[in-house]
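Just below is one structure, and these are the notes that go with it.
Side-chain atoms are counted along with the backbone in the values below, which use heavy atoms only and exclude waters and symmetry mates.
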Amino acid sequence: MALPSEIKLFSTTAMKMVFEEVAPRFERETGLRLAVDLGPSLRQEKRLGEGDAADVAIVTRAGAQDLVASGRIAPGSLVDIARSSVGICVAKGAPRPDISSVAAFKRAMLAARSVALSKPTGGGASGAHMAKVFAQLGITEAMQAKSLYGAGGPAALAGLAVLRGEAEIGIQQMSELMAVSGIDVVGPLPAELQGVTIFTGAIPTSTTHPEAGRALLQFLTAPDIRRVIAAKGLEPA
């Protein structure tokens with residue numbers, strides 16, 4: 001079967017910097033144009049669940065498994081691509097909060113004037129995780145008044161809110177923080193509060209060219225591409 005001229009990809013925003021670097025190489029090597037549609041993983045999963053068509057998807061592993069169960073992702077097509085940790089950023093040159101322990105992180109959150117992060121419902125995986133963290137620390141009410149929730153996607157990264165001076169601290173996937181130049185990435189959350197998300201590639205049942213999606217997933221697991229993934233703030237799966 002002939003491959004299409006273009007592959008439509010639904011991907012988590014966490015992979016933004018990876019595709020900015022490797023997409024041109026994939027296109028040169030395969031002759032296939034890669035149309036990358038970035039957005040919060042939960043939103044991409046919702047779109048796939050509602051029947052939006054794509055040739056390949058990169059979403060959370062849990063979301064991909066749910067989509068297999070609902071018939072929207074082909075069984076047996078799942079390929080783990082990367083693991084992602086949640087981190088914190090501040091404005092360039094601003095004092096870096098102490099987040100070396102759970103107690104220090106809690107103090108930093110309570111002391112912050114404003115915090116930018118993804119929406120806990122319908123946003124990225126980091127937003128849902130941070131809602132659980134704030135509840136675990138008993139600071140949900142205190143954080144509500146100072147939280148600035150982004151809509152998700154490349155234009156609404158938490159780091160951009162920090163860059164514009166709209167928030168003192170940004171919290172999001174480490175790779176998404178690193179995608180914003182002009183800010184300082186403080187580091188990941190303490191291990192006890194960390195939420196590692198596995199991002200998984202899969203073939204939607206809506207595609208008419210599953211072999212094109214498989215070609216991209218195979219490309220993303222090559223050793224030299226795994227090194228790019230690691231350099232962009234993710235851990236190759």
| field | Rounded distance [0.5 Å steps], NE2 in H209 versus OG in S5 | value | 8.5 Å
| Distance from T207 atom OG1 to I73 atom CD1, nearest 0.5 Å? |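 Here the interatomic distance stands at 10.5 Å.
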Answer yes if the side chains of [X] and [Y] hold a donor-acceptor pair under 3.5 Å, and no otherwise.
| X | Y | answer |
| --- | --- | --- |
| E45 | T60 | yes |
| Q173 | S84 | yes |
| T12 | Q44 | no |

| Do H129 and V86 touch side chain to side chain, with heavy atoms closer than 4.5 Å? |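 Heavy-atom side-chain distance check passes, below 4.5 Å.
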| Distance under 6.0 Å and angle within 45° of ring axis: R47 vs F10 |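 Yes, R47 sits over the ring of F10.
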Side-chain ([X]) to main-chain ([Y]) donor-acceptor, under 3.5 angstrom:
| X | Y | answer |
| --- | --- | --- |
| R226 | A237 | yes |
| T200 | V79 | no |
| T140 | A135 | yes |
| S126 | Q172 | no |

Which atom pairs, one a donor and one an acceptor, fall under 3.5 Å between side chains of residues 15-23 and the rest of the protein, sequence neighbours left out?
residue	atom	partner	partner atom	Å
K16	NZ	E20	OE2	2.5
E21	OE1	K232	NZ	3.0

| request: Please report the closest heavy-atom contact between S206 and D52, naming both atoms and the distance. | output: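 The answer is OG-O, 3.8 Å.
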| If you look at every heavy atom in R96 and V186, which pair is closest and at what distance? |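 In terms of heavy atoms, the two residues are closest at NH1-CA, 3.8 Å.
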Counting only heavy atoms not in [X], do more than 12 fall under 6.0 Å of its [atom1]?
| X | atom1 | answer |
| --- | --- | --- |
| R113 | CZ | no |
| E29 | CD | yes |
| K146 | NZ | yes |

| message | Do the side chains of R214 and D55 get close enough for a salt bridge, i.e. N-O under 4.0 angstrom? | response |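 Looking at R214 and D55, the cut-off is not met.
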| request: Before accepting this row, confirm whether a basic side-chain N of the pair D37/K8 lies closer than 4.0 Å to the acidic partner's carboxylate O. | output: no
